[in-house]
Amino acid sequence: MDSGVRVRLAPSPTGSPHVGMIRTALYNWLFARGRGGTFIVRIEDTDQARLVEGSVEEMLGSLRWLGIDWDEGPDIGGPNAPYYQSERLEGYRRVAEALVERGAAYRCDCAPERLAEVRKASGGYDRHCRERGLMEGDSPSVVRFAMPLDGRTVLDDLIRGTVAFENGLVDDFVALKSDGFPTYHLANVVDDRAMGISHVFRGEEWLPSSPRHLQIYDALGWEPPRFAHLPQILAQDRSKLSKRHGATSVREYREMGYLPEAMVNFLALLGWSLDGKTEVMSADELKRVFTLERVSRSGAMFDAKKLEWMNGHYIRQASHERLADALLEYWEAFPQGGVSPLPEREALLRVAPLVRERMKTLQDAAPLLGFFFQDEVEYDTAELAQKGMDAAGTREALIRALDALEGLEAFDGDSIEGALRALAGELGIKAGQLFGSIRVAATGLRVAPPLFGTLEALGRERSLSAIQKAADRLAG
RNA sequence: GGCCCGUUCGUCUAGCGGCCUAGGACACCGCCCUCUCAAGGCGGAGAUCACGGGUUCGAAUCCCGUACGGGCUACCA
């Protein structure tokens with residue numbers, strides 16, 4: 001079973017996990033799971049200033065919610081623990097020293113002000129300290145990697161093919177900061193090596209720094225993993241997706257009532273396709289068919305409308321049990337938009353199917369089902385009279401409906417429909433007019449679940465009493 | 001500015017030299033179905049394949065250039 005595939009997600013805990021990060025996680029996971037590989041989560045918390053409390057938990061929580069599981073990680077440990085870079089400092093320091101000893105890196109004590117000036121003048125670092133031979137402790141210093149001055153670094157990207165970079169154009173970047181923490185470049189390489197990572201799938205924004213990583217591997221005599229740079233996820237205006245474009249974190253989508261299976265399917269399709277025709281695929285299917293060859297090279301715009309459609313699709317095809325459980329779980333997690341108190345699962349099981357084809361998100365359920373769980377429905381008396389009918393006529397119709405429904409043998413949808421249709425004929429009004437009045441009486445809504453199923457679910461007693469009340473209101 | 005990546009309907013994409021008068025999906029429009037709203041069915045509109053040169057009997061597909069878009073250019077990731 002061991003294919004030698006070892007991939008990893010290396011998030012930086014600086015806030016809510018962005019959908020782009022989650023898609024990267026998904027592709028890594030699908031790749032590993034489809035090949036009997038190992039999926040690792042490693043926290044890259046090397047920037048002390050940008051740490052955001054709780055982001056690791058949110059990241060892990062989002063992955064779990066989506067059904068993405070990992071074999072080694074900060075919460076479960078593993079053979080390569082620890083999985084927080086802040087706890088692996090000694091390793092980076094050792095490698096940095098080794099690099100200095102080999103002449104592949106050097107200490108630099110240039111002041112920030114000087115750095116800024118040089119950058120302004122020439123656009124980068126001028127390698128001022130490269131030949132100074134500074135030792136650790138001479139003064140506060142960083143370790144910079146000494147890029148080769150000539151030649152090119154060639155990356156064989158699994159998605160983009162061959163990409164070459166002129167070494168002389170790449171800065172002598174900082175590998176170890178003065179606070180003893182490594183930068184991404186160093187830590188990433190050291191850990192990917194230590195953890196035996198075979199493939200690195202990461203966002204396209206890393207492409208320009210890949211020659212740095214390749215050079216570090218080379219200087220250390222290490223074999224680099226294979227790289228694949230994933231296309232970016234874009235906002236509606238084709239710029240990088242960010243907060244000002246609305247929801248960007250998985251948590252927000254969960255809160256808006258999206259199903260994890262829809263989210264996974266949708267995200268998988270953002271930058272990857274099976275054949276251009278097959279769109280709906282479960283996570284298990286995706287694991288089987290996902291390949292890097294079919295990942296696209298261009299950025300993909302996040303189409304919220306399509307996500308919405310897909311979510312509706314998953315809601316419609318969910319089993320009654322799955323839907324009821326999803327709603328219960330959702331309402332429990334986000335009570336504001338739910339039904340409270342939480343209904344019994346049994347009761348929900350009976351009524352949720354009535355509205356599932358009119359839902360796009362779980363949020364849509366409560367407004368449509370709320371009346372089932374209330375003693376009293378609320379509405380404007382004026383809503384009762386349908387188009388072309390007056391109050392007296394409506395009242396008459398409701399009272400007649402009461403009779404018709406009372407005498408029903410079985411109180412089920414078909415019987416109710418039959419009785420009501422016959423009644424409308426007798427009264428000489430359109431079926432829609434009668435149904436509309438009863439709908440408002442029973443549900444308090446103009447847009448509601450299908451009437452006959454609704455009355456059946458409500459039961460004879462509640463249905464009749466609601467209609468009676470409506471008739472009474474019309475009497476006034 | 002420099003370096004790198006990208007460019008097929010509004011959007012996600014199929015296409016890897018002839019099957020393309022460019023296919024599918026979302027969104028949009030119309031019709032049907034219909035107790036409201038949906039869902040569903042059927043149909044429509046929508047892409048001079050960014051542009052310009054090549055290569056070839058033949059190019060959306062290969063090559064070059066240009067334009068445009070994006071990313072990177074921190075002791076951030």
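Each chain gets a letter, A, B and so on, in the order the sequences are listed, and its residues count up from 1. Bear in mind that the values here come from a model prediction, so they are computed numbers and not experimental data.
- Listed nucleotides: B:rG71, B:rG23, B:rA14. Nearest to the side chain of A:Lys277: B:rG23.
- In this structure, the CZ atom of A:Arg446 is 10 Å from the P atom of B:rC37, given to the nearest Å.
- In this structure, A:Arg144 satisfies the cation-pi test against A:Tyr125, with its NZ or CZ atom closer than 6.0 Å to the six-membered ring centre and inside 45 degrees of the ring normal.
- Among the protein residues, A:Glu279 comes within range of the nucleic acid bases, having at least one heavy atom under 4.0 Å from a base atom.
- Remark: B:rU56 base-pairs with no nucleotide in the shown strands. Criterion, Watson-Crick or G-U wobble with two distances under 3.5 Å.
- Minimum atom distance to the side chain of A:Glu357 is reached by B:rA39, of the listed B:rC75, B:rA39, B:rC5.
- Taking only side-chain nitrogens and oxygens, A:Ser209 never comes nearer than 4.0 Å to OP1 or OP2 of B:rC72.
- For the pair A:Lys387 and B:rC35, the criterion of a side-chain N or O lying under 4.0 Å from OP1 or OP2 is not met.
- The side-chain hydrogen bond (donor to acceptor under 3.5 Å, both in side chains) test with A:Asp172 is passed by exactly one of A:Arg130, A:His128, A:Arg212: A:Arg130.
- Taking the side chain of A:Ser296 as heavy atoms from C-beta on, and the options B:rU13, B:rA77, B:rU36, the nearest nucleotide is B:rU13.
- Relative to the ring axis of A:Tyr379, A:Arg473 places its NZ or CZ within 45° and under 6.0 Å from the centre.
- Straight-line distance from the NZ atom of A:Lys360 to the P atom of B:rA27: 7 Å, rounded to whole Å.
- A donor-acceptor contact closer than 3.5 angstrom is absent between the side chains of A:Arg251 and A:Ser16.
- Residue-to-nucleotide contacts include no donor-acceptor pair under 3.5 Å from the side chain of A:Arg294 to the base of B:rU13.
- Comparing atom distances between the A:Phe452 side chain and each of B:rC35, B:rC12, B:rG15 picks out B:rC35 as nearest.
- Distances from the side chain of A:Leu169 to the nucleotides B:rC35, B:rG6, B:rC3 place B:rC3 closest.
- Atom P of nucleotide B:rC26 and atom CZ of A:Phe302 are separated by 17 Å, given to the nearest angstrom.
- Atom CZ of A:Arg446 has 12 or fewer neighbouring heavy atoms from other residues, nucleotides or ligands inside a 6.0 Å radius.
- One interatomic measurement links the two molecules: CD of A:Glu205 to P of B:rG71, which rounds to 10 Å at whole-angstrom precision.
- When both distances must be under 3.5 Å, the Watson-Crick or G-U wobble mate of B:rG40 is B:rC32.
- With a cut-off of 3.5 Å on both pairing distances, the Watson-Crick or G-U wobble partner of B:rC51 is B:rG65.
- Position along RNA chain B of the nearest nucleotide to A:Arg297 versus A:Asp171 favours A:Arg297 as the more 5'-ward residue.
- For A:Ser273, a side-chain nitrogen or oxygen approaches OP1 or OP2 of B:rA14 to under 4.0 Å.
- Of the candidates B:rG40, B:rC75, B:rA14, B:rG40 carries the atom nearest the A:Arg316 side chain, counting heavy atoms from C-beta on.
- The 5' end of RNA chain B is approached more closely, in terms of each residue's nearest nucleotide, by A:Pro449 than by the other of A:Cys110 and A:Pro449.
- Across B:rC26, B:rG23, B:rA39, the shortest atom-to-atom separation from the side chain of A:Lys306 is found for B:rC26.
- For A:Thr46, the listed nucleotide lying nearest its side chain is B:rA77; candidates were B:rA77, B:rG6, B:rU34.
- Atom-to-atom, CG of A:Leu368 to C1' of B:rA38 comes out at 9 Å; the value is rounded to the nearest Å.
- Considering only side-chain N and O atoms, A:Arg152 lies nowhere under 4.0 angstrom from the phosphate OP1 or OP2 of B:rC3.
- If you take CZ of A:Phe173 and C1' of B:rC3, they are 16 Å apart, rounded to a whole angstrom.
- For A:Phe266 and A:His313, the ring centers are positioned 6.0 Å apart or more.
- When the C1' atom is used for both B:rC33 and B:rG41, the distance is 8 Å, rounded to whole Å.
- Under 4.0 angstrom from either OP1 or OP2 of B:rC76 there lies at least one side-chain N or O belonging to A:Lys177.
- Figure legend. B:rC72 is base-paired to B:rG2; pairs are counted as Watson-Crick or G-U wobble with both atom distances under 3.5 Å.
- Pair assignment for B:rC19: none, as no Watson-Crick or G-U wobble contacts are both less than 3.5 Å.
- In this structure, A:Arg119 reaches the B:rA74 phosphate: one of its side-chain N or O atoms is under 4.0 Å from OP1 or OP2.
- Put simply, the side chain of A:Gln232 never gets that close to the backbone of A:Ala300: no donor and acceptor are under 3.5 Å apart.
- Between the base of B:rC5 and the side chain of A:Arg160 there is no donor-acceptor pair shorter than 3.5 Å.
- Among the nucleotides B:rC3, B:rU11, B:rU7, the one closest to any side-chain atom of A:Asp303 is B:rU11.
- A straight line from CZ of A:Phe165 to P of B:rU73 spans 13 Å, rounded to a whole angstrom.
- Nearest to the side chain of A:Asp47, among B:rC26, B:rA77, B:rA14, sits B:rA77.
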